[in-house]
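What follows is one structure encoded as structure tokens, with my remarks underneath.
Side chains included, hydrogens not; waters and symmetry mates left out as well; all remaining heavy atoms used. Read the numbers this way: they start at 1 and go in the same order the structure lists the ligands and their atoms.
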Amino acid sequence: MLYMSQDGEKNETGRQQQIIAEVRRNKELREKTYRERALKLFPHVCAKCGREFSGKKLKELTVHHRDHDHDNNPPDGSNWELLCIYCHDNEHSRYLDAEWYGAEAQGGEQEPVSSHKPFSDLAALLKNKE
Ligand SMILES: [Zn+2]
Ligand SMILES: [Zn+2]
């Protein structure tokens, strides 16, 4: 009873944590839901490199939002694209590149970077030498 005020504080913090946990859970739930929906809608193939995913590997297949808005989840899946984690990564860095360098690179359209990653090739080369 002596620590009533402290208990009050603790409860307040606890309540906030509960709210945060709930928001987080809702977000996770929503992401899980759209992923599951996308996996039901589309064949389990990466839209970029065409690799197929099944079983344990399926978790490497991620849902990409075409307009990069994770809150835009139309039920027909028109904003979704299934991409493997590598192509997904690539997609986002390309998007950023365009955002950052687009203004300076006016004029000639730049040769689109293929799904090829120069640095992963380099890494592979270095690996072979070891
Ligand atoms: Zn891929
Ligand atoms: Zn994405």
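Within the model, atoms CG of Asn72 and OH of Tyr34 stand 11.0 Å from one another, a figure rounded to the nearest 0.5 Å.
Summary: ND1 is the N/O/S atom of His64 found nearest to the Zn ion (ligand 2).
Among the backbone and side-chain atoms of His68, no N/O/S atom is found under 2.8 Å from the Zn ion (ligand 2).
Of the charged side-chain nitrogens involved, at least one lies within less than 4.0 Å of a carboxylate oxygen, so that Arg15 and Glu12 count as a salt-bridged pair.
Counting heavy atoms from C-beta outward, Leu39 and His44 have side chains that approach closer than 4.5 Å. Residues Trp80 and His65 form a side-chain contact, since some pair of their non-hydrogen atoms from C-beta on lies under 4.5 Å apart.
Our summary of the site lists the angle at the Zn ion (ligand 1) between SG of Cys49 and SG of Cys84 as 120°, to the nearest 10 degrees.
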